[in-house]
Amino acid sequence: MNSNQDIELVEIKDSQSIQKFVERQGDYYSTEFKKIHSSSERTISFNLSAALFGPLWASARHLWVFFWISALAQLLAFILLGRGLWGNLGADKLAQAERLSNKSAEMVAKAQAALESGVGNSEALFRNADNLQRAADRAINVANEASADAVQIALWGGLLLVVIMLIQGFIANFVYENKYCKWRANPEEDSGFSIIKILGSVVVLGTIIPIMLYRFTATKPAEWLVTFPTNKAIFNNTANWLDSAFDAIAQQGSGLFEGITYIIRTVLDALEVVLVETPWPVVIGLILLTAWRLAGSRVAIFTVAALSYLAFLGYWEKSMETVALLGASATFCVIIGVPVGILCAKNETVDSITRPILD
């Protein structure tokens, strides 16, 4: 078997592997992946499906980082489009102008009545009515400007949506090819084409996008949507119960808590005495020597410069108190952490309890 046959055999195996990985549109992805693999420089690959249906395409292909980034970016574009097309941006100012105009009319009526009855405050009432009407006119001008800006906002939203779609199309195959490489190394990596996940993403996006559009385009969104529905009585009762519980714990465990506080305070005070009361040349010399031995001359020089900076500004004692606090924390971390680590190594139950939840 010659080298050309070897190359053809490898290409056939790669094509079959890609077909197995993608399940659908295998010929297209085989061509694109091979183009990405064979190019020594940055090549151009455009995925029309990903460009048009970014989040849905990503969910079908198990690309969840791509899914959320695409969904959030498109949501921003849809919000701008919605605010520009049907957001009625000047509605609140128009409502304010109407209220001010009505108050101005009422004030004019009062001023007219005062003038007819000979009351001396008619001029002040007329001035107030005029001020209210001018405020109403300013509100109308602001509303008109907001309405004029709506077209520009819609254009920006449309432009942003087009840019997002283009970016999705140009990066999709590279992201998917990277996932294919991971799948080759680890066959347990998600692969294939999932209709169920498309339906799930449709449900998620179909719930989130309308709510967000309503929230940012409605003149007065529903109160329950912008303010979490809560009951003050439940809040007050819960807060009182928690306060009582913590007070009871503090009273019942006062001896234990005071003992812990005494131990921590003793260590902290001892370190503060050593660092603050010891002559500063000795402290700087010890820190310099420690930094030099542990991290090298550059770190030692930087450490001395930083300590000198703090000393010249009058923060020597404060900085040493901070160092003492950190030293006490490190001491207790070692005292508690080392035995707990040994116990975790010897006991699976303790290890499972202390292990952080990663997934």
- Given side chains that start at C-beta, do those of S70 and P55 come closer than 4.5 Å, heavy atoms only? yes
- Message: For the backbone of K318 and the side chain of T322, can you confirm whether one donor and one acceptor N or O come within less than 3.5 Å of each other?
- Response: yes
- Task: Return the set of residues passing side-chain hydrogen bond (donor to acceptor under 3.5 Å, both in side chains) with Q19 (not counting sequence neighbours), or none when no residue passes.
- Result: D27
- Task: For residues I198 and W57, determine if any side-chain heavy atom of one lies less than 4.5 Å from a side-chain heavy atom of the other.
- Result: no
- Task: Decide if atom CG of L242 counts as having more than 12 heavy atoms of other residues, nucleotides or ligands within a radius under 6.0 Å.
- Result: yes
- Query: Shortest non-hydrogen contact from I164 to A77?
  - Reply: CD1-CB, 4.3 Å
- Query: Judged by atom type as modelled, is there a donor-acceptor pair below 3.5 Å linking the side chain of K346 to the main-chain atoms of G341?
  - Reply: no
- Has W292 got more than 12 heavy atoms of other residues, nucleotides or ligands less than 6.0 Å from its CH2? no
- Query: Is it true that the side chains of S17 and Y180 contain a donor and an acceptor less than 3.5 Å apart?
  - Reply: yes
- Message: Is it the case that atom CG in L294 sees more than 12 heavy atoms from other parts of the structure closer than 6.0 Å?
- Response: yes
- Should L161 and L80 count as side-chain neighbours, where that means a heavy-atom distance under 4.5 Å? no
- Query: Hey, is NZ on K179 packed in by over 12 heavy atoms from elsewhere, all under 6.0 Å?
  - Reply: yes
- Item | Side chains of T303 and L288 in contact at under 4.5 Å (non-hydrogen atoms) | no
- Evaluate the side-chain proximity of F332 to I264: yes if any heavy-atom separation is below 4.5 Å, no if none is. yes
- Decide yes or no on side chain to side chain contact (heavy atoms under 4.5 Å, CB included) for R61 and R24, but give the supporting numbers first. CA-CA 10 Å; R61 300 297 180 178; R24 295 193 179 188; 4.1 Å; yes
- Task: Locate the shortest heavy-atom distance separating A291 from A300; write the atom from each residue and the value.
- Result: CB-CA, 3.9 Å
- Task: Please report the closest heavy-atom contact between T43 and F174, naming both atoms and the distance.
- Result: O-CZ, 3.1 Å
- Message: Which label fits F46 and F170: parallel for a plane angle under 30°, tilted from 30 to 60°, or perpendicular past 60°?
- Response: perpendicular
- Can you list the residues that meet the ring-ring contact (aromatic ring centres under 6.0 Å, His included) rule with F67, with sequence neighbours excluded? W64
- Task: Could you tell me whether the side chains of K197 and H62 share a donor-acceptor contact shorter than 3.5 Å?
- Result: yes
- What orientation do Y176 and Y29 show, parallel under 30°, tilted 30 to 60°, or perpendicular over 60°? perpendicular
- Query: More than 12 non-hydrogen atoms from neighbouring residues, nucleotides or ligands closer than 6.0 Å to CD on E317, yes or no?
  - Reply: no
- Task: State, with a plain yes or no, whether a side-chain heavy atom of D190 is found less than 4.5 Å away from one of W183.
- Result: no
- Verify the neighbour count for atom CZ of F53: are there more than 12 heavy atoms of other residues, nucleotides or ligands below 6.0 Å? no
- Message: Using side-chain heavy atoms (C-beta onward) and a distance below 4.5 Å, is L343 in contact with P339?
- Response: no
- Message: To the closest 0.5 Å, what do you measure between CE (M320) and CG (L325)?
- Response: 12.5 Å
